[in-house]
Amino acid sequence: MHWSNTSFVDIRALRSRDLEGLLANQAKFWQERFSWDCRPGLESVRRMLDRGALTGLAAVRFGRAVGYSRFAAEGRRAVVGDLFVAPGNPRRVLRGLVEGTLNSACSGQEVERVEGHLPCLDRFPSVRADRRGRLKVFPRVLMHASGLRDLSPGGTEFHPVRFSRWSDSFMQPASDLVGSSFRGHVDAEIEERLGSALGPRRCLVEIIRESSCGEFLPAAGFVASVPDEDALVGMCLATLLSARVGHVIHLCVAPPDRRRGIGRELLRRSMSALADAGCDCVSLVVTSSNSAAVRFYERCGFRAVASFPSFVWSRR
């Protein structure tokens, strides 16, 4: 795709030096908007650029890279892992990059679904897919809380539930819990793997072993269980997004055990552990339509600081 002063090119034609200013701009943007330090992730982007291993597009305006995207195809599913346009560029550049990325990602014969989380956007632009399918956009909210030790205990209604720190021995029951908690949930519509049979385990591996959303902090991970039962009834996992900012990446409670204070107690323990690790702020993301979760986090001291879109395109 090419306009009079902007072209959208295969990112494999570029190297890290071509995007250096853009990546520095992105790091500053994430720090100012979210208080997140994305520099480690951008180092990985630089290495992949120099190996020609990234799949995506770059927006080049007046001979300079002003935006880029990257995506990966995993069988029938493609995931947009990043998309950023430097502030100050016309809105049409962003629209062109989103549209070009969506159409490139869904162009593979096997691809039936494209998912993307776009925290660098405040809203999803109007785009047109080249292939017939359905495009759905899900507004999401980033929430922050300070006062990490201020949350009161969840209560005593959860007896005889016991709380334990995370260990890898919980990987399989945690995967089962994620699957049962998110099946039929709006978040599983956004990220299909959450409600599938094998997908939850892969999601946990990416969080815990591959640091897909910050550095996993085992000391801030907690599970809830019932003595003499193998299944978990709740779990809260957290990561570090900078030296002073933690992130609650997963908080879930088994459907039959909700409204007993278990989720609040798991969150309280994770927030306290994050404070012990030097954090003075914790963030999390919740889908806007999940009003019950938004109200729960507000009662726990969180407030909305930004909104952004996630999207799903599917052939069916």
Side-chain angles (χ1 to χ4, degrees), residues 30-31 33-38 40 119 140-159 161-168 170 173-174 177-178 181-182 187 203-204 206-208 211-225 232-254 257-288 290-308:
W30 280 69
Q31 179 64 46
R33 189 178 191 203
F34 302 128
S35 300
W36 292 354
D37 183 2
C38 69
R140 311 194 84 189
V141 179
L142 176 77
M143 306 185 80
H144 274 186
S146 54
L148 273 59
R149 300 187 194 278
D150 295 344
L151 186 60
S152 60
T156 59
E157 299 86 352
F158 39 71
H159 182 78
V161 171
R162 65 185 177 193
F163 297 88
S164 309
R165 287 191 188 272
W166 171 265
S167 79
D168 282 354
F170 292 119
L177 174 65
V178 170
S181 298
F182 286 98
D187 287 353
C203 290
L204 291 178
E206 289 177 358
I207 293 166
I208 294 166
S211 301
S212 63
C213 189
E215 178 187 352
F216 178 62
L217 186 63
F222 290 88
V223 299
S225 61
L232 297 180
V233 299
M235 174 181 68
C236 187
L237 300 181
T239 64
L240 291 175
L241 292 174
S242 71
R244 304 188 69 84
V245 179
H247 187 70
V248 174
I249 191 69
H250 261 314
L251 174 60
C252 54
V253 176
D257 295 284
R258 292 172 183 168
R259 302 183 184 279
R260 297 173 57 196
I262 294 172
R264 184 184 179 94
E265 180 63 15
L266 286 165
L267 182 61
R268 184 189 71 81
R269 290 172 181 245
S270 285
M271 290 173 69
S272 181
L274 287 167
D276 290 342
C279 295
D280 51 27
C281 175
V282 61
S283 65
L284 56 83
V285 171
V286 62
T287 305
S288 300
N290 189 359
S291 56
V294 172
R295 290 194 299 270
F296 167 77
Y297 289 123
E298 288 174 342
R299 292 195 300 270
C300 293
F302 286 81
R303 62 182 181 88
V305 296
S307 60
F308 67 90

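At a threshold of 4.5 Å between non-hydrogen side-chain atoms, the residues L204 and L237 count as touching. Two residues are said to be in side-chain contact when any heavy atoms from C-beta on lie closer than 4.5 Å; F34 and L241 fail this criterion. The closest side-chain heavy-atom distance from C236 to V248 is below 4.5 Å. Residues L142 and R140 are not in side-chain contact: their nearest non-hydrogen atoms beyond the backbone lie 4.5 Å or more apart. Looking at H247 and V285, their side chains come closer than 4.5 Å, going by heavy atoms from C-beta outward. Between V286 and F302, every side-chain heavy-atom pair lies at or beyond the 4.5 Å cut-off. No side-chain heavy atom of V233 sits under 4.5 Å from any side-chain heavy atom of L177. Between F296 and L267, the closest side-chain pair of non-hydrogen atoms falls below 4.5 Å.
Using a 4.0 Å cut-off between a side-chain N of Lys or Arg and a carboxylate O of Asp or Glu, R268 and E265 qualify as a salt bridge.
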- Message: Assess the residue pair L148 and C279 against the criterion (side-chain contact (heavy atoms from CB on, under 4.5 Å)); give the C-alpha distance rounded to whole Å, side-chain angles, the decisive distance to 0.1 Å, and a yes or no.
- Response: CA-CA 8 Å; L148 273 59; C279 295; 4.1 Å; yes

- Decide yes or no on side-chain contact (heavy atoms from CB on, under 4.5 Å) for H250 and C213, but give the supporting numbers first. CA-CA 11 Å; H250 261 314; C213 189; over 6 Å; no

- Query: Can you check salt bridge (charged side-chain N to carboxylate O under 4.0 Å, His left out) on R149 and D276, steps first, answer last?
  - Reply: CA-CA 10 Å; R149 300 187 194 278; D276 290 342; 2.7 Å; yes

- Any chance you could lay out the side-chain contact (heavy atoms from CB on, under 4.5 Å) test for R260 and V161, step after step, and finish with the verdict? CA-CA 10 Å; R260 297 173 57 196; V161 171; 4.0 Å; yes

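Closest approach of L217 and A277 over heavy atoms only: CD2-CB, 3.8 Å. Across every non-hydrogen atom of M235 and V178, the tightest pair is CE-CG2, 3.6 Å. When all heavy atoms of A220 and A273 are compared, the closest pair comes out as CA-CB, 3.6 Å. In terms of heavy atoms, S35 sits closest to V245 at O-CG2, 3.3 Å. Heavy atoms only, all atoms of each residue included: V141 and A304 are closest at CG1-CB, 3.4 Å. The two residues P119 and R33 have their closest heavy-atom pair at O-NH1, 2.6 Å.
T287 places no side-chain N or O within donor-acceptor distance of the main-chain N or O of D187, the cut-off being under 3.5 Å. Distance alone, capped at 3.5 Å, places no donor-acceptor pair between the S146 side chain and the C281 backbone. Within the 3.5 Å criterion, the main-chain N or O of A219 finds a donor-acceptor partner in the side chain of R165. Between the R264 side chain and the L151 main chain, no donor and acceptor come within less than 3.5 Å of each other.
Defined by atom type and a distance below 3.5 Å, a donor-acceptor pair is missing between the side-chain atoms of H144 and S283.
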